Structure formats: C-alpha cells, structure tokens
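Only one structure is covered here, and it is reproduced in the block below.
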Amino acid sequence: MKKIRFGTPEEFVPTKFCKNLNYQETDIQYDLSKITYKQTNRGCVIELPLQYQEEVYGFGLQLKGFRHKGTKKTLRTNSDPVANTGDSHAPVPFFVTTNGYGIYLDTARNATFYCGYGKNKNRPPKPNNAVTVTAEALYEKTALEEDTVMAIEIPYAKGIDLYLFEGDTITDIVAQYNQFSGGGCDVPEWGLGVYYRCYVKSTGDQVMEQAKYFRDNQIPCDVIGLEPGWHSRSYPCSYQWDSERFPNYREVVEYLRKNDFHINLWEHAFIDATSPLYHEMKDHSGDFEVWQGLVPDFVTEEARKRFSDYHRKHLIDLGIDGFKLDECDNSDFVLDWSFPDCIEFPSGIDGDVYHNLFGTLYMQTMLEALGEHETFSEVRQAGALASSYPFVLYSDLYDHRDFIRGVVNCGFSGLLWTPEVREGKTKTDFIRRLQTAVFSVQCLINAWYCEQAPWLEFGCEEEVKALLNERKKLIPMLKKAFEKYHRTGIPPVRALVMDYTADPETYGIDDEYLLGDSLLVAPMTAEQTQRRVYLPKGEWTDYWTGKTVPSGWLDVRTDNIPVYVKAER
Ligand code: GAL
C-alpha cells in the first residue's frame, strides 16, 4: 500500500478516528503519474484512467447497485436509498477494480465518484443515423466500450490523502485495506448463533415467556434483543428502564442469563431531557436537536467518556452484552428526521461530515464502554475503516433482492450486513428470507413490531427450527472465518468476483456469494421458482445432498436454498 498526499487534507477524516490504523508502506507497480489532482472553487478533484473492460466495485453497503462502471455515486449517509445513486447506511470511499488495485480516499465528505466518464477531445467522426425509442437506450453510457476516466470530486476539501492497494485478486486488495483499518473484527461464538428481537411493547414478564418458548420448544436462540420499550422514554432516549413494563428488569436479566441467552439493548444516541445523561452531555452536544433530544459530539474524548461510563455502570455491569445503535444514519427521502448539515458541534466538526462518521464514533464509544467484554452488536451507520468493529449493519428497508445484494457488496468495504427477517408476505417469503439470514454473518429475526413470533401465523415452526439448527451447525465454520478475517483481513462473505477476479463470468453476479473458505450460497427470493447458479472452475458438491456438481452455469429448481461446498485446495 502507498499513501499519496495532495494539497492540505481536512482535519476530520476517517483515519483520524480509526483506533487501530496500521499503515505499512510497500512498493507498488501502479504508475502514479496517471493520477491527477486539482483544486477548484468547489473542492478538489482527482482523476485516473479506467481501461476498457475494467470493472469497479465497492463504495460500502450499496443495496441498489453492484457493478459500478458507468455510474455516478455520491457517497452520502442515508437510511432509505431509493435508487443506485450511492446513498447508503454505510458509504465508503474505497473502490477496487478488476485491474489489480484499489483506492481509498480519506474523506468523510459526500464525495462523488464518476466511474467511467468520457474526456476525449480528439474523436474521429463516426456517422450513425440510428434513432431509438426508449430513454434508457438514449442515455446509455458508453463506458464499457472504450477507455474512460474515473473522476472523484470531494466538496470543500483543499487536499486529500489517497491510499493505493494492489493485489492479484480483489480479495487480496480488500484484505490489505482491512489490515490497514486494524484487521477484521473477531466475534464471540455466541454472536454467530440466532438473534431474536422481541416485540417493542413486551413487558419483562412477556420477554421471559418468549425466552421460555424458545427453550421449551428447543428452538435455537442465543441472543434476545429488547427494542425501545425497555426505556422509560425512547424517542429520544432516557437509557433508563421503564418502571411499568420492566419493574423487574434485574430479574429479567438474571432469568435470561441463567437460561443461556445473551442480551442486546436497542438505543439511539439522541438524549432525552429525563435522562441522567442529559445534564452531563449538554455542553458536549450539537446546537440542533433530534426529536428534542441532544445530539452528542462523539468526536471529543470527554463526550465519549461520559456516555460510555454511564452505559458501563448502568447496563453492561448489569449483564448486557451488546447494543443496537439505531438512527445514527440520516434521512433525505423519507421523513428527514435527523440533524441538519449546518449543525455546529463543540469539536468544530461539520454536520455533513459528522453524518458520515456518526456510526463509527458511536461504535467506538460503546466499545469503550464494553472494555474487555466481547460483543457482536448492530449499528445502522458505518463508513470507512470500520472492519475492526464487531458490529453488523441492518436496515428498515425490506426488499429481499436488495438485501441479498447487500450481503454480496459488504465484503468489498470492510463491512458486515445482516439480511434480517421481520415478517413474510407469505410462508414462502418468510422461509426464503430466513434461509438467507441463516447463511449470513448474523442470523437475526427482528420481530420488533410482531406481537408473536412471526412464523406462528404460517404454522411453520418445524421448518424454522430445522433452519435454525442448520445455523447452529455453521457456527464452527463461521468462527474460523472470523478468526481469519481478524488475522488476515479476508472477509467472511465475498462476492464471487473477489476470489475469482480472473474469471469475467463472475463480474455481474450480485446474487451469489462465498461464505467462509468453502461455501457458495445462492439464495432464492419468493418470486423465484428456479434460478441460475454459477460455480467457478473447481470441484463442487451440493451442500444438502453431498453429490458432486459440475462447475459452470446450472439451472436449479428447489424450495431449499442452493448452497455448494468447494473441495479443499
Ligand atoms: C427502527 C429500527 C427498527 C426498530 C425500530 C424501533 O429505527 O430500524 O429495527 O428497532 O426502530 O423503534
């Protein structure tokens, strides 16, 4: 890897906050003279060439797009992206290409990447009198037909640090980016089991009943999550137990622990006036509120300390193992509930930059609270250099196909994503979503608005039980994959193009992924009765039957989730 500095970089950039940054300069092949930099009155611009047939991937949790060549991506934190624009719960200014390199730009601004735009002033005339009748055909980009340019604009900045990584495969390149970020997170074994988040209105007694249901019926469940109802006030948060719903909170925690459950509590960081944290955090917050709550300035150590000390003393010491850090993203398309970009904080950070760093700083605050206590938690915003944080991203969106694309995409950017299951439109929909969750990094059933376990309405308890038992069987393999992630930076979930970068057949595959060293998973959505699966060159067997399967494209018709095992190399 190599760092190249252009101009004078800004103060609040992701490397400033990355706890375990690990920069080790190496020789690189890339001809750096091909990268140009200029300052404009809008910020700064970097340009580099993209070759004909060079493909571009990455940019964080992209739910709406995969193969980015020919597209424009503005990396802005947003909880409800509606199109393939770059808006994301977790945008990351890092991309990799099929030509053996990846580039990370150290910025938390809403940078725009123009991935393959033309800049040629010497075109030979090419007569073509064809006309077309669709807008798509009219505006189709020609990026895939010739050499083009990647132009990256960073607003406001007067300089930027660029990091270049090289490798034979995309997996090699991403592993180095993750090593630079401090390595992949290691997670406790229990975190790889089954998570169930209880109905938001549950009382302490009802939570214990729910837990008993799992044990009585031998349905696997390792982590019980409590949603906003545990707080005496939740929008904004009090971080105190509600005396009507949870008068017996100590008993509930004890009961869950005694029965081998780990406990995760929902919260967001906006602090209610009834909270003991309110007065403590008043001078350590921004000048705008969210839902009349304080917005803490987690940039400063003092703010993080006050917030984390409270959590340690009142919740972690009580027996809580993790948190679901909600609403630390932003919303521009639906309800626009978060703080404005013009908010001012004591640390001097801008609102737009804070939106892109909020989740990471929040995770860091909670890890400071947890200390040596292991966790595998959830967060709704993350960004650059986040691979060492044991947190998984999730969303209120719910398109199953987009969720699968999320699984496939996260591995490019040092992120983890759960395709969580809530309800199902039909039994098939529910089961197929659960199959995807079982073969993912975090098997999460988020029943926050379901009065009863969501499978009961479909009468498919036995199928659910069988699938969750399958999950239990995967734990040793997943644990090994996380240990490897921690050690080498190789992510536990990877798009096919990451390992098989030399195989162009994999370039467009955004609905299959590699899990751990040897599994290939090809989920089905409720709309599909059959699907095509691509198995790259190698020896494969069917996970369910153990039968040998030839590599190449297969037509698969099944009610089960297609999974294949690669022979050990
Ligand atoms: C949402 C979150 C959901 C659930 C809900 C509770 O913001 O994404 O998963 O926790 O809040 O109010």
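What you see is a predicted model, and the numbers here were worked out from it, not measured in a lab. Counting convention: from 1, in listed order, for ligands and their atoms alike. Numbering starts at 1 and runs along the sequence shown.
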Original post:
Any idea how Phe59 and His68 line up, ring-wise: parallel (<30°), tilted (30 to 60°), or perpendicular (>60°)?
Top reply: tilted
Original post:
Got a salt bridge between Asp321 and Arg257, using NZ or NE/NH1/NH2 to carboxylate O under 4.0 Å?
Top reply: yes
Original post:
Does Tyr449 come within less than 4.0 Å of ligand 1, judged by its heavy atoms?
Top reply: no
**OP:** Please work out which of the three classes, parallel, tilted or perpendicular, describes the rings of Trp266 and Tyr235, given edges at 30° and 60°.
**Re:** tilted
Subject >> Tyr394 neighbourhood, listing ligand 1 atoms whose heavy-atom distance to it stays under 4.0 Å >> reply: 8 (O)
Original post:
By number and element, which atoms of ligand 1 are closer than 4.0 Å to a non-hydrogen atom of Glu327?
Top reply: 1 (C), 7 (O), 11 (O)
Subject >> Option with minimal heavy-atom separation from atom 7 (O) of ligand 1, where the choices are Val200, Asn446, Asp326 >> reply: Asp326
Subject >> Basic-acidic side-chain contact under 4.0 Å: Glu527, Arg401 >> reply: no
Original post:
What atoms in ligand 1 come closer than 4.0 Å to a heavy atom of Asp396?
Top reply: 1 (C), 2 (C), 3 (C), 7 (O), 8 (O), 9 (O)
Original post:
Would you say ligand 1 has an N or O under 3.5 Å from any N or O of Tyr235?
Top reply: yes
Original post:
Which one of Lys479, His373, Glu374, His262 satisfies the side chain to side chain contact (heavy atoms under 4.5 Å, CB included) criterion with Pro188?
Top reply: Glu374
**OP:** Determine the interplanar angle of the Phe376 and Phe482 rings, folded into 0 to 90°, and report it as parallel if under 30°, tilted if 30 to 60°, perpendicular if over 60°.
**Re:** perpendicular
Subject >> Proximity flag Arg422 to ligand 1, non-hydrogen atoms under 4.0 Å >> reply: no
Original post:
To the nearest 0.1 Å, how far is atom 9 (O) of ligand 1 from its closest protein heavy atom, and which atom is that?
Top reply: Lys324 NZ, 2.8 Å
Subject >> Closest approach of any protein heavy atom to atom 10 (O) of ligand 1, naming residue and atom >> reply: Glu227 OE1, 2.4 Å
Original post:
Regarding Arg380 and the six-membered ring of Tyr362, is the cationic atom NZ or CZ under 6.0 Å from the ring centre and inside 45° of its axis?
Top reply: no
